[in-house]
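Note on naming: letters A, B, ... go to the chains in the order of the sequence lines (proteins, then strands), and numbering restarts at 1 for each one.
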Amino acid sequence: MCIPVPDYHPQDLDKKWQKRWHDGRAFEVVEDPSRPKFYCLEMFAYPSGHAHVGHVRNYIIGDVVARLKRLQGFNVLHPFGWDAFGLPAENAAIKSGIHPETSTLGNISHMKGQLQRLGISYAWERELATCLPDYYRWNQWLFIRMFERGLAYRRRSTVNWCPVDNTVLANEQVVDGACWRCGTTVEQKDLEQWFFRITAYADDLLASADELSQWPEKVLTMQRNWIGRSDGARVSFALDGWPGAIEVFTTRIDTIYGATFLLLGPEHPLVGQFAEVAADPKAFRDQAARYRSQDRAGRVSGEVEKEGFFTGQYVVNPFSGERAPVWVANFVLGEYGTGAVMGVPFGDQRDFEFARKYGLPIRAVIRPLDGDVPDVGDMTESRPDEGLLANSGPYDGLASAEARRRLTAEAQTRGIGEGTVQYRLKDWGISRQRYWGTPIPMIHCPHCGVVAVPDDQLPVELPKLAQFTGRGDSPLATIPEFVNIPCPTCGRAARRETDTMDTFVDSSWYFYRFADAHNDLLPFDPAKVRYWCPVDFYSGGVEHAILHLIYSRFFARVFRDLGMVDHSEPFTHLLTQGMVLKDGNVMSKSKGNVVDPDTMLEQAGADALRLYVMSIAPPEKEVEWTDNGLDGSFRWLARVWRVAEHWHDAAVTAPPLDAATLTADERALRRKTHDTIRRVTADLDVRKQMNTAVSAMIELVNDLYPFTDAQRSAPTAQGAGVAREAIESLVLLVS
RNA sequence: GCCGGGGUGGCGAAACUGGCAGACGCACGGGACUUAAAAUCCCGGGUUCCGCAAGGAGCGUGUGGGUUCGAUUCCCACCCCCGGCACCA
């Protein structure tokens, strides 16, 4: 068949339609209770300067869903904004002297142009940037609400410190002992810090993870690991010859008769006291100090030889009544549980190795259901399996689970312990000693203590800073006009808090702000959020699985408990899009392997680029970028254009279809048309598998060509009608 | 070690509920059109063997078993790759 080459000039089409969408405000929406709503959101962007293909993939995925849902009759909210605070802009300012505000706003403007040229259907009137006071004032407002409820609090603590970025990092921002952003090994530092009490929601966050049926299992697993719930018991071992007791946390109280020693972490408060009565207090203290530093290094390197030393003190096993020596061990973590553990070499591999190394006794306290009590002399490793209790006094013969219940109950009755739940999750440290972030709206008064800035004085605006030196702490502390302020309570001289908030605070609730982006009385009108939220479809990179996505779930609960939202889970369906790699690496400016979409837009137009990116692989899958297929997508669009142009005149005058008089060829094409509609709809809507939707559409065109050719030599009355139906359907599916 | 995901042509991939493995695309080869090229259109292709050919036979979805009339799909055992967590008591 020879269909003449059409004038397919996508660049002109892009301009024409993008102008029409812009002028007609085509994607703006308002609440409309008469229509079902659909909130489609892609993770907003850090304005680094240029959108690369990796970002673009995410926005296209979201746009496909948004456009599908509009065609299906939903009232679709599809907004975009900018996660505009953050270190890169401040670090650039230190190098170049350009103020972060200037560079950030410039970057936003450039990237917005790129997204518009891609034809992403955003409701731009709701655009927000977190670095603007009309956004970050609500961070401050919410901080104060959390402060009032004890969810934001200040304490001195050991924190993760990045010496390159010169700031504190949250636990979630430390990856393999290094800064998540710059990769520098994290140091420990003692600082007064603001924390958000995310641990208050640990169980809530964990329990409802089970209900997130439309989240990837991978993400839920990561969050469960991160929260790290352990069910166990706290039990006190009375000190022998000292007042008081040492409390331990254990998940295996059923093995307590096998606790032949007790281990303190080097950070444990009793370590200092025991040192004073030791034979050589200095050696005692030095050794403990060595363990404390070792632990940090050990977590990074992974391998540290287990070692410890005897304190000279004993405790009494509350169940067996036996005296057990107290040791300090380098592998016991000060910050987890009570910082002390009972040593059960029979059931715990670390304790086993420790006991073997130092000749401590091992007692077998569990026997298998179908076997005898093991001979400890034969053991080469611990036996953590559950079974029936042995050598455990009155508890002998009980199954492990039952024994745990009885022993815990007994401990409680005797007032020496209780069942408890331990989490690995820690409170979220949000103070940052940097400039380019939300000022923490607190005032330190020598007389009144820590006082919140009154609501009517919000926002605490970020002052202009002339010089970026990168030296010292908290740049805001160098601005006397900012720091010095009368106390709002007593009126006497006081000082502002000079730390700023972690930028993850900004991103933890922005999806609510989109529902009511210009509210200047509240972060959002609860009625509007009730209409739009939760977000029905959320897509973004899996790298946020335990940062942004757990913080956002936390904030949803805070807003819920403030009575402002009526759901707990902010994102119903989560799609974690696979990264786009170039030469096996993540694209980044520093690696110099960024693929810029603008060149491809100029070459092939927005439709070809979008179609190609969607056709490479399913959206969750990581892909290696090659330019190879882009031409193919362009060629296919030209084929669509060509066949549509060929049929245009005949189609507009074709009579209505009469199903009874169709030829076999016509029936086949008709069947293909409707099958394609079914497949594309299921692929986009249900399976979220854009690549096979593209394949299905290509197949329809592949059938349309020979049909067109056959009709050229032997046209039928119904042919144009069947072709029209196919082409109209196709165009709709493509759109 | 624990948890999650995966392993299918030269490449990206598809196979939705156990039913013709490799749809669709990229790259490639052949042909038509053209003075020629580009573009376009048509055809071809997992692999081995037999055949001049049309065609035929065998093997084939990480490996080894199993269930079944039938297995990429279900079951058992194992290997490898990717991601997450990890001295958490």
Rounded to whole Å, CG of A:D675 lies from C1' of B:A23 at a distance of 12 Å

If you compare every side-chain N and O of [X] against the phosphate oxygens of [N] (OP1, OP2), does one of them come in below 4.0 Å?
X: A:S230; N: B:A89; result: yes
X: A:N225; N: B:C88; result: no
X: A:Y336; N: B:A89; result: yes
X: A:R635; N: B:G25; result: no
X: A:R678; N: B:C16; result: no
X: A:Q689; N: B:A15; result: yes
X: A:Y705; N: B:C41; result: yes

Exercise for review: May I ask you to decide if the ring planes of A:W428 and A:Y551 are parallel, tilted or perpendicular, using 30° and 60° as cut-offs?
Suggested key: parallel

- Take A:W226 and A:F554 through the ring-ring contact (aromatic ring centres under 6.0 Å, His included) test and state the conclusion after the steps. CA-CA 14 Å; A:W226 190 258; A:F554 165 46; over 10 Å; no

Problem - N/O donor-acceptor pair, side chain A:S695 with base B:A23, under 3.5 angstrom - result: yes

Is the NZ or CZ atom of A:R350 both under 6.0 Å from the centre of the six-membered ring of A:F331 and within 45° of that ring's axis? no

Salt bridge (Lys or Arg N to Asp or Glu O under 4.0 Å) for A:E402 and A:R406? Distances and angles first, verdict last.
CA-CA 6 Å; A:E402 175 63 13; A:R406 297 246 198 123; 2.9 Å; yes

Contacts of A:N702 and A:R687 projected onto RNA chain B by closest heavy atom; the upstream (5') one is A:R687

- What interatomic distance, in whole Å, is found between P of B:G10 and the corresponding atom of B:G46? 11 Å

Relative to its sugar, using the 90° cut-off around 0, the base of B:G9 is syn

